[in-house]
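Sequential numbering from 1 along the given sequence is applied to the chain's residues. What's counted below: heavy atoms across the whole structure, side chains too, no hydrogens, waters or symmetry copies. This structure is a prediction, so every number in the text was calculated from the model and none was measured.
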Amino acid sequence: MWPDRRLIDLFKTEFPIVLAPMAGVMDAELVIAAAQGGALGSLPCAMLSAEKAREQVGLIRQRVKAPVNMNFFCHKPVDLTPEAEARWKQRLAGYYTEHGLDPSAPINAANRAPFDDAFCKVVEELKPEVVSFHFGLPEPALLKRVKSAGCLVIASATTVKEAVWLEQRGVDAIIAQGAEAGGHRGMFLTDRIAEQPGTFALVPQVVDAVKVPVIACGGIADGRGIAAAFALGAAGVQIGSAYLRCPESKVTPGGRKALAEAGDDSTVITNVMTGRPARGVQNRLMREAGPISPDAPPFPHAATALGPLKAAAEKQGRVDFTNLWAGQAIALGREVPAAELTRDLAKSALARMKALAG
């Protein structure tokens with residue numbers, strides 16, 4: 001019934017739908033629910049320790065017999081210089097004063113680790129069916145070990161050039177991430193944020209440029225979006241924002257309220273939350289310090305000084321300093337269980353494609 005079954009056959013899932021890995025707002029519970037609904041569940045591991053990732057995959061394996069995707073970042077760590085740290089703290093000083101916080105108090109560093117030997121050993125031990133990468137790919141030796149463990153490899157591309165680069169290095173499928181997508185831009189061969197193409201422009205050009213299956217990502221939150229992705233030549237879709245309001249997500253009450261009230265113009269691409277361009281629901285900090293600021297230190301160091309501010313505001317039910325990553329179709333999200341949402345998405349997409357074919 002699906003016009004392209006390559007992704008279903010590759011992943012051995014019921015539907016060609018990938019639950020996007022959304023670090024910080026989800027864990028095994030959402031992965032399990034989406035997998036029960038027929039999607040490929042993705043576990044975001046960039047903010048987890050190797051031990052925690054192992055524990056989470058264990059929970060998934062206990063609850064559902066379905067393929068698992070472990071997702072990792074591949075950024076190259078950059079040290080935070082004292083100058084950059086001082087500049088950012090100065091920019092945030094007024095907020096610290098407002099919340100009665102001591103800017104000189106010790107703060108836990110932001111935890112967003114790139115894929116390394118420790119993570120690779122976990123992959124070799126657990127053998128997830130799929131491993132996905134963001135910000136490019138790990139070094140060749142690590143990538144070879146992942147593939148030798150029998151894992152399929154997929155990765156995000158934000159341009160045709162990045163997609164071709166990924167295919168040349170042996171990925172099994174490519175996530176074409178349009179500018180509408182929530183979360184961090186997966187860009188790794190460019191830093192020119194203004195040139196990032198949207199999903200409708202990117203997907204067909206990537207499909208024409210590579211032979212591996214293409215997974216459309218960005219602005220897809222219902223059956224109409226899925227049908228459109230297939231019309232553009234995609235073999236599947238990756239969906240994140242539509243799942244944020246599911247009961248299995250870990251979004252805070254204040255975050256859920258902001259998501260429920262969001263519209264088509266509520267998200268922006270910003271660097272002030274982590275130091276790297278990402279799309280999220282606009283908050284106070286993005287409005288007043290950004291959305292793009294030269295004062296934001298490099299990824300992930302901008303998030304470190306925001307930790308105390310985020311905690312203080314969330315205690316008051318506010319999301320002034322919370323990174324609510326979400327895409328431009330966030331208003332299409334619904335408060336339904338993830339398994340039910342997944343089945344509804346697939347059913348609606350097939351009905352839409354049948355109607356168009358008729």
Side-chain angles (χ1 to χ4, degrees), residues 21-27 43-53 56 71-73 75-114 134-135 182-185 244 249-259 267-326:
M22 299 177 285
V25 293
M26 64 169 286
D27 61 9
L43 180 70
C45 298
M47 293 176 69
L48 303 180
S49 64
E51 294 73 24
K52 188 69 174 177
Q56 289 280 293
N71 172 260
F72 301 94
F73 285 175
H75 59 286
K76 291 178 173 55
V78 177
D79 290 334
L80 177 62
T81 66
E83 295 78 15
E85 182 178 23
R87 187 168 62 247
W88 189 227
K89 283 194 169 181
Q90 177 61 36
R91 182 65 185 82
L92 301 177
Y95 301 122
Y96 269 74
T97 300
E98 178 185 329
H99 287 83
L101 297 170
D102 178 5
S104 62
I107 308 171
N108 290 331
N111 175 30
R112 287 168 180 81
H134 211 52
F135 312 137
H184 284 98
R185 305 299 304 145
L244 286 172
S249 90
K250 303 304 176 192
V251 177
T252 63
R256 287 180 182 274
K257 182 174 184 290
L259 292 171
T267 69
V268 295
I269 292 177
T270 181
N271 72 335
V272 299
M273 302 307 300
T274 66
R276 192 171 185 122
R279 181 178 292 282
V281 176
Q282 190 161 204
N283 59 24
R284 180 186 175 189
L285 182 69
M286 294 179 199
R287 285 192 299 270
E288 297 177 359
I292 301 293
S293 171
D295 293 332
F299 179 85
H301 303 297
T304 298
L306 294 177
L309 293 169
K310 175 183 174 181
E314 286 184 350
K315 281 181 182 175
Q316 300 169 13
R318 303 203 315 272
V319 290
D320 294 353
F321 307 96
T322 301
N323 49 337
L324 277 177
W325 299 142

Criterion side chain to side chain contact (heavy atoms under 4.5 Å, CB included) on Trp325 and Thr270, from CA distance to verdict: CA-CA 10 Å; Trp325 299 142; Thr270 181; 4.0 Å; yes
Intermediate values then yes/no, side chain to side chain contact (heavy atoms under 4.5 Å, CB included), Asp102 and Tyr96: CA-CA 7 Å; Asp102 178 5; Tyr96 269 74; over 6 Å; no
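Contact detail for Val319 and Ala258: the closest heavy-atom pair is CG2-CB, 4.2 Å. Of all non-hydrogen atoms in Met273 and Leu306, the two that sit nearest each other are O-CD1, 3.5 Å. In plain terms, the two heavy atoms of Ala23 and Met47 that are nearest each other are CB-SD, 3.7 Å. Contact record, His184 with His134: O-NE2, 2.8 Å, taken as the closest heavy-atom pair. Scanning all heavy atoms of the two residues, the minimum distance from Pro21 to Asn71 falls at CG-CG, 3.4 Å. The two residues Ala312 and His99 make their nearest non-hydrogen contact at CB-CD2, 3.9 Å.
Note on ring orientation: taking the six-membered ring where Trp is involved, the planes of Phe299 and Phe73 are tilted (angle from 30° to 60°).
Within a 6.0 Å radius of CD in Glu288, more than 12 heavy atoms belonging to other residues, nucleotides or ligands are found. More than 12 heavy atoms of other residues, nucleotides or ligands sit less than 6.0 Å from atom NZ of Lys250.
The closest side-chain heavy-atom distance from Arg91 to Val272 is not below 4.5 Å. Looking only at side-chain heavy atoms (C-beta outward), Val268 and Arg287 stay at 4.5 Å or farther from each other. For the pair Asp320/Tyr95, no side-chain contact is recorded, criterion being any heavy-atom separation below 4.5 Å from C-beta on. Using a 4.5 Å heavy-atom cutoff, the side chains of Leu324 and Asn283 are not in contact. Residues Gln56 and Cys45 have side chains not in contact (no heavy-atom distance under 4.5 Å, counting atoms from C-beta outward). By the 4.5 Å heavy-atom criterion applied to side chains, Arg276 and Arg185 are not counted as neighbours.
Checked options Arg284, Lys310, Glu314; the residue passing with Thr322 is Glu314 (criterion: side chain to side chain donor-acceptor pair (under 3.5 Å)).
Although no hydrogens or angles enter the test, the distance criterion places a donor-acceptor pair under 3.5 Å between the side chain of Trp88 and the main chain of Ala302.
Between Ile292 atom CD1 and Met286 atom CE the span is 10.0 Å, to the nearest 0.5 Å. In this structure, CG on Leu285 lies 8.0 Å from CG on Leu309, to the nearest 0.5 angstrom. Leu244 contributes atom CG, which lies 10.0 Å from atom CE of Met26 (distance to the nearest 0.5 angstrom).
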